[in-house]
Amino acid sequence: MDTTILLLVIAGIIAIIGLWAISTYNGLARLYVLTEEAWSSIDIQLKRRYDLIPNLVAVVKQYSIHEQSVLENITKFRAQSMNATGPEGKVAAEGQLAGALKTLFAVTENYPQLHANTNFLALQKDLGAIEHEIQLSRRYYNGTIRNYNGAIIVFPASLIAGMTGMHKKPYFELDNSEERQNVKIQF
């Protein structure tokens, strides 16, 4: 009888550990799926911006013959960003593209007739709205990454995360040093 009770206790402990492991894994998997959904949201907004940039460049080209290098940089950085994969690649490419767009808008200040162009104003308004959506998506993504990374590093959930190959994911942060500098325009 003592062995039966001992076996039942051991089986109960194993069942509890098994249920805990399954529950922990499912919780981590849900957080992982949320990070993927959040990244998808960023990707959608970036695609909207990529689609808008050629129209913006075309309108600016009509007015600014002298800023060819700025327009070429935007086109180049847009292509690099579109081809980048994963958060790490996108962050690097997006930092360059954001800097080039800032330079473009600084340069357009020299063309008052461009600022009166309704197409330019509409594109600028659309780009501003998209940038706002990107910022909101980025904030949501970073929040889900915070929750996911926090969940996989705490003990004992870190044991399950390690056994199933779950690793920390990077935040989507642009290079602050480049973002905080003033735009330099050279003619």
**Asked** Quick check: does any side chain N or O of S81 sit under 3.5 Å from a backbone N or O of F77, one acting as donor and the other as acceptor?
**Response** no
**side chain to side chain contact (heavy atoms under 4.5 Å, CB included) partners for T35, two or more places apart** = Y32, T144, I145, Y148, K169
**Message:** Any non-hydrogen side-chain atom of I14 less than 4.5 Å from a side-chain atom of I10?
**Reply:** yes
**Prompt:** Going through the distances and angles, do L56 and F120 end up as a side chain to side chain contact (heavy atoms under 4.5 Å, CB included)?
**Reply:** CA-CA 7 Å; L56 186 63; F120 178 76; 3.8 Å; yes
**Message:** Test: side chain to side chain donor-acceptor pair (under 3.5 Å). Region: residues 11-22. Which pairs qualify, not counting sequence neighbours?
**Reply:** W20-T24
**Item:** Sidechain-backbone polar pair: N142 side chain, F172 backbone, donor-acceptor under 3.5 Å
**Value:** yes
**Polar contact flag, side-chain donor to acceptor under 3.5 angstrom, Q45-R48** = yes
**Message:** Is it true that, when you exclude Y50 itself, more than 12 heavy atoms of the residues, nucleotides or ligands shown sit nearer than 6.0 Å to its OH?
**Reply:** yes
**Message:** Would you say S41 and Y141 are linked by a side-chain donor-acceptor pair, where the criterion is simply a distance under 3.5 Å?
**Reply:** no
**Message:** To check you understand the geometry: which heavy-atom pair defines the closest contact between E88 and P170, and what is its length?
**Reply:** OE2-CG, 3.2 Å
**Request:** Hydrophobic side-chain clustering at under 4.5 Å (ILVMFWY, transitive links): who's grouped with F155? Put none if nobody.
**Result:** L159
**Prompt:** Run the side chain to side chain contact (heavy atoms under 4.5 Å, CB included) check on K90 and D43 step by step: do they pass?
**Reply:** CA-CA 9 Å; K90 287 281 188 191; D43 214 26; 3.7 Å; yes
**Message:** Rounded at 0.5 Å granularity, tell me how far CG in L71 sits from OG1 in T75.
**Reply:** 6.5 Å
**Message:** Tell me whether Y171 shares a hydrophobic cluster with L136, the cluster being built from Ile, Leu, Val, Met, Phe, Trp, Tyr side chains joined at under 4.5 Å.
**Reply:** no
**Fill in**
Closest heavy-atom pair, A100 versus V70, reported as atoms and distance to 0.1 Å, is O-CG1, 4.4 Å
**Prompt:** Does the side chain of S137 reach to within under 4.5 Å of the side chain of I42, using non-hydrogen atoms?
**Reply:** yes
**Considering all heavy atoms, the nearest N149-K168 contact** = OD1-CA, 3.2 Å
**Request:** Flag the pair R78 / V57 as yes when at least one side-chain heavy-atom distance between them is below 4.5 Å, and no otherwise.
**Result:** no
**Asked** Linking I/L/V/M/F/W/Y whenever their side-chain heavy atoms sit closer than 4.5 Å, directly or via other members, would M82 and I44 fall into one cluster?
**Response** no
**Request:** Determine, step by step, whether E37 and V33 satisfy the side chain to side chain contact (heavy atoms under 4.5 Å, CB included) criterion, reporting the C-alpha distance in whole Å, the side-chain angles of both residues, the deciding distance to 0.1 Å, and the verdict.
**Result:** CA-CA 6 Å; E37 175 209 2; V33 168; 5.5 Å; no
**Asked** Going by heavy atoms in the side chains, are L34 and R30 under 4.5 Å from each other?
**Response** no
**Request:** Could you tell me which non-hydrogen atom of I53 sits nearest to which non-hydrogen atom of I74, and how far apart they are?
**Result:** CG2-CG2, 3.4 Å
**Message:** If hydrophobic clusters are built by linking Ile, Leu, Val, Met, Phe, Trp and Tyr wherever their side-chain heavy atoms come under 4.5 Å apart, do W39 and I152 end up in the same one?
**Reply:** no
**Request:** Please assess K47 against D51 for the test side chain to side chain contact (heavy atoms under 4.5 Å, CB included), listing each intermediate value before the final yes or no.
**Result:** CA-CA 6 Å; K47 172 80 170 96; D51 292 344; 2.9 Å; yes
**Prompt:** Any link between L28 and L19 through a network of hydrophobic side chains (Ile, Leu, Val, Met, Phe, Trp, Tyr) touching at under 4.5 Å?
**Reply:** no
**Message:** Quick check: do N73 and T103 have side-chain heavy atoms less than 4.5 Å from each other?
**Reply:** no
**Residue pair E173 / V91, side-chain heavy-atom distance below 4.5 Å** = no
**Request:** Report yes or no: do I16 and I160 belong to one cluster of Ile/Leu/Val/Met/Phe/Trp/Tyr joined by side chain heavy-atom distances under 4.5 Å?
**Result:** no
